[in-house]
Amino acid sequence: MYQLLNGKELSNIIKEEIKQEVSEMVSIGKRAPHLAAILVGSDGASETYVGHKVKMCDAVGFKSTLVRMDSDVSEEELLNKIAELNQQEDLDGFIVQLPLPKHINVQKVTQAIDHRKDVDGFHPVNVGRMAQNLPAYLPATPFGIIQLLERNGVETSGKECVILGRSNIVGSPMSILLTRNAKVGNCTVTVCHSRTKDLKFHTQRADILIVALGQAEFVKGDMVKEGVVVVDVGITRLEDSTKKRGYRLAGDVLFSEVAPKSSFITPVPGGVGPMTVISLLKNTLASAKGEIYA
Ligand code: NDP
């Protein structure tokens, strides 16, 4: 029988921990942590994610600022706004919600953010420090997964870990974190992508399988071995006329086939998603406390 890696439940626990810390900070006269988000355009999913981040800030007692920019904003205007936020003294961290419109260079934007305020952990300085096991803001989704494994007592040391997907925000940093000599780490990691030959060969030998492809229900029961730990990062909207909103959310893993063979598995929704948001708040709190960069 599998155990659910319940991100909804764990994120609520961590939310209470953060809230407690914030109220202690405020009670001794410090200001509450402050997170800002820049949202370019009005993409439906991005609106939802940013809205959720703002709501979570309110819930833990953070100050939050939402900066909206039109989808036709120039790269220069966006970079100017970033430069402004970099200088804002009462701001502990900020994010630029991805994806950005095609005319804006994401690399340029990522690198324009002061790494000391880069609570999304995408700046090369933070990625480099993470790789060297130095204090850094960890990218929110991989950080959330690490906490999900740690707090559920999942042993990682010496395990074969297979990661499907090599994006800068999930697959690649996840591979760095699980390779490190750290409490949650010490795995032997294989990263697979669209050029990988015989994906099934790799997935079938995984003790820990992390899936971040963006391909709904891609991983089937015959692709995994008994006892595998499965972390499903994927979120895809599939049309479903039986649902009021007209769609359902699907992960990258076919839960009904894979769960019975698993020892631990994340649900979608309610697994990695809530952990991602809470990790962003953890990074912001760490920034406010000067824990990463004094
Ligand atoms: P990207 O599209 O940036 O990367 C997908 C990766 O999967 C790429 O490395 C790609 O390979 C690989 N890939 C795609 N299809 C295949 C295939 N058929 N076989 C082998 N490899 C394949 O995605 P992200 O990492 O940004 O996101 C992945 C999923 O996770 C999405 O559904 C996204 O919505 C979700 N997500 C969820 C979050 C959460 O909080 N729960 C946070 C972030 C993302 P190649 O590099 O060769 O193209």
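As the structure lists them, so they are numbered: ligands from 1, and atoms in each ligand from 1. Please read these numbers as outputs of a predicted model, since none were measured by experiment.
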>> Quick check against the 3.5 Å criterion: does Thr188 have a side-chain atom that pairs as donor or acceptor with the backbone of Glu160?
In response: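 No: the side chain of Thr188 does not pair with the backbone of Glu160.
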
> Between Glu217 and Arg248, is there a side-chain N and carboxylate O pair less than 4.0 Å apart?
Replying inline: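 Arg248 and Glu217: salt-bridged.
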
>> For Arg245, is there an ion pair with Asp240 - N to carboxylate O distance below 4.0 angstrom?
In response: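 No.
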
Any luck finding a side-chain donor-acceptor pair between [X] and [Y] under 3.5 Å?
X      : Y      : answer
Asp90  : Gln88  : yes
Ser287 : Tyr137 : yes
Asp43  : Tyr49  : no

>> I'd like the residue list for ligand 1, meaning every protein residue with a non-hydrogen atom under 4.0 Å from the ligand.
In response: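 The answer is Thr141, Gly165, Arg166, Ser167, Ile169, Val170, His193, Ser194, Ala212, Leu213, Gly214, Gln215, Phe218, Val233, Gly234, Ile235, Val272, Gly273, Thr276, counting any residue whose heavy atom sits under 4.0 Å from ligand 1.
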
